[in-house]
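A quick note: this is a predicted structure, and the numbers were derived from the prediction, not measured. Order of the sequence lines fixes the chain letters, A, B, ..., with proteins taken first and strands second; residue numbering starts at 1 for each chain. In what follows, every heavy atom counts, from backbone to side chain, and hydrogens, waters and symmetry copies are set aside.
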Amino acid sequence: MSASVLFDTPGPRTRRRSRIASVIVVLLIAAGLAWIIYTLAQPRDSSGITLPGYFDESRWDIFVLAELWVRIGEGLLATLQAAAVAAVMALVIGVLFAMLRTSSLAIVRIPTTIVLEFFRGMPVLLMMLFILLVASTGAFWAVVLALGVYNGAIIGESLRAGLAALPRGQREAGLSLGLTGFQSKVFIEFPQAFRQMLPVIIAQLVVLLKDTSLGYIVGYNELIRTTMNNLGSSVGNRYLFSLFLVTLVIYLAVNLSLSAVARRLARRRSPGTMSPKDQITPTASISAVGMSSTNPEDRTTE
Amino acid sequence: MNAVIENLPRFIEAFGMTLWLLVLSGACALIIGTVIAAMRISPVPSLSAFANVYTELLRNTPLTLVLFFCAFVLPQLGSRLPYEWAAFIGLTLYTSPFVAEALRSGINGVAVGQAEAARSLGLGFMQSTTLIIFPQAFRMVIPPLINVMIALTKNTSVAGGFFVFELFSAAKELTNANGNAVIAILLAVAAFYLAVTIPLGILSAHLEKKLAVQR
């Protein structure tokens, strides 16, 4: 309870009041959930035929088939595959963008800035369509390339912010040791910036994984397309809701475990940054890096 | 280029839909996000737990799946909403936890000593939040909130995959019809998006510099 400085460790009266409020809220939420579950469990009419409720056995019996799980596994594998290739590409492109963007030559820096702004301001989905139509690469590479370039641009920007946030003395020390500007950047500044921004970068990779679901729209057979379209049409509309729930659970499991890794990394941050106990409310996320606008946890990306 | 000029009314119509989605879901997400953020920092444990679950659940679900739910699963559950409204609901739901997180990170950005000072002066929860924390958090929250809106602008394109005629669907439709002007059409659509996102981005960077608190 003493997690926040906003209120005192409550006394007996406040504690009672807070407990009463808590119970009321729990009751309200429970009532809401119960209502939803009750409604879902009711049989429903669909064009004259009465179908059983959503928790009826006939809505779930396909999930004993091993074949179905193999198909779902294939979909998940396709999602992870696209995400893995795109993640590697995004990291490489991100490092490249950060290098070019902080170059001392204006002729390199300015065009890079324009290209970066262009990529960051455009929806990934449009980029996928562009690659699909113009380069006619097939859906897999459209998804991977678009995600790689888009997230590369964002990772590049956060790396640049990491470089800018380093103490000036780091570069000066490097230069005074006789390193060239480029050497100092590669050997002194970059490793530190990368380490500093690691939680942000990993959070962005979680976003990337979520974004592979856009493959659903451009015709790449990833998880959602496999479960909802391909399986959905072969087993019938009756199972749509069950399939939806299964897909949701798979996504949540994968993303939450990745987010947990990001959080672990954020906790063992280098000294000098804000630690969770210096904050007003306890933080469960990694939004404490101190660079609000470059923090992808604060951004909504597809 | 001709294909772009000839189809300008179609572009404008699509752009209108994109803006409609942006403004309406943006406004509603702001409201819901504020409520969620308030619940998150409230002293009532079940409220903050609920807000926590809501945030984690929606932030870890792909937008495509949220919109799929609104467009295809909700009708099965008996909703009769047109696709535009389904997309609006999906985008609002998906954006609201990001708004809440931006608000909360702004509150966390206020130095802890401010809250401690307020508390040690004897101000209560309501007084210290409304008089000390929020006025300072407000200025730090504006740039990240604008970034959330920029992301929402780009996210409206996903609605194009679910039978809403906005810029992305316009791109698909017009490139289908004009196979010889694909690049011009796609660049024109990109320009419409950039016309919203780049000014917002500049505004955000400007405000961030202007509102930065000297400490």
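Here the shortest heavy-atom pairing between A:Ser259 and B:Asn60 reads OG-OD1, 3.3 Å. When every heavy atom of A:Gly121 is checked against every heavy atom of B:Thr197, the shortest pair comes out as O-OG1, 3.1 Å. What you find for B:Lys154 and A:Met122 is that their closest heavy atoms are CD-O, 3.6 Å.
Considering only heavy atoms from C-beta on, A:Ile29 stays 4.5 Å or farther from B:Ser46 through its side chain. Residues A:Leu240 and B:Phe68 are in side-chain contact: their nearest non-hydrogen atoms beyond the backbone lie under 4.5 Å apart. Between B:Phe168 and A:Leu126 the shortest side-chain heavy-atom distance falls below 4.5 Å.
For B:Phe162, the part sitting under 4.5 Å from any heavy atom of chain A is the side chain, from C-beta outward, and nothing else. Within the 4.5 angstrom heavy-atom criterion, no atom of A:Leu209 approaches chain B. With a 4.5 angstrom heavy-atom cutoff, A:Phe130 touches chain B via backbone and side-chain atoms both.
Using a 4.5 Å cut-off between non-hydrogen atoms, the part of residues 186-196 of chain B that approaches chain A consists of B:Leu186, B:Leu187, B:Val189, B:Ala190, B:Tyr193, B:Leu194.
Interface summary for chain B: among A:Leu129, A:Ile24, A:Val23, the most heavy-atom pairs under 4.5 angstrom belong to A:Leu129. The candidate from B:Leu57, B:Thr64, B:Leu47 with the greatest count of non-hydrogen atom pairs under 4.5 Å with chain A is B:Thr64.
Every pair tested for salt bridge (charged side-chain N to carboxylate O under 4.0 Å, His left out) that includes a residue from residues 14-26 of chain A fails, sequence neighbours excluded, so the list is empty. Pairs engaging residues 122-134 of chain A under the salt bridge (charged side-chain N to carboxylate O under 4.0 Å, His left out) rule: none recorded [sequence neighbours left out].
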Could you give the side-chain donor-acceptor pairs of residues 120-130 of chain B under 3.5 Å, partners two or more places apart or in another chain?
{"residue": "B:Ser120", "atom": "OG", "partner": "B:Glu116", "partner atom": "O", "Å": "3.3"}
{"residue": "B:Ser120", "atom": "OG", "partner": "B:Ala117", "partner atom": "O", "Å": "2.9"}
{"residue": "B:Gln127", "atom": "OE1", "partner": "B:Gly124", "partner atom": "N", "Å": "3.1"}
{"residue": "B:Ser128", "atom": "OG", "partner": "B:Gly124", "partner atom": "O", "Å": "2.7"}
{"residue": "B:Ser128", "atom": "OG", "partner": "B:Phe125", "partner atom": "O", "Å": "3.3"}
{"residue": "B:Thr129", "atom": "OG1", "partner": "B:Phe125", "partner atom": "O", "Å": "2.7"}
{"residue": "B:Thr129", "atom": "OG1", "partner": "B:Met126", "partner atom": "O", "Å": "3.0"}
{"residue": "B:Thr130", "atom": "OG1", "partner": "B:Met126", "partner atom": "O", "Å": "2.7"}

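Interatomic distance, B:Thr175 OG1 to A:Leu132 CG, rounded to the nearest 0.5 Å: 9.5 Å. Between atom CG of residue A:Leu248 and atom OG1 of residue B:Thr61 there is a gap of 5.0 Å, rounded to the nearest 0.5 Å.
Tested against A:Leu133 for a side chain to side chain contact (heavy atoms under 4.5 Å, CB included), the candidates B:Val182, B:Asn176, B:Ile185 yield a single pass: B:Val182. Results of the side chain to side chain contact (heavy atoms under 4.5 Å, CB included) test with B:Leu65 over A:Leu252, A:Thr247, A:Leu223 single out A:Thr247 as the only residue that passes.
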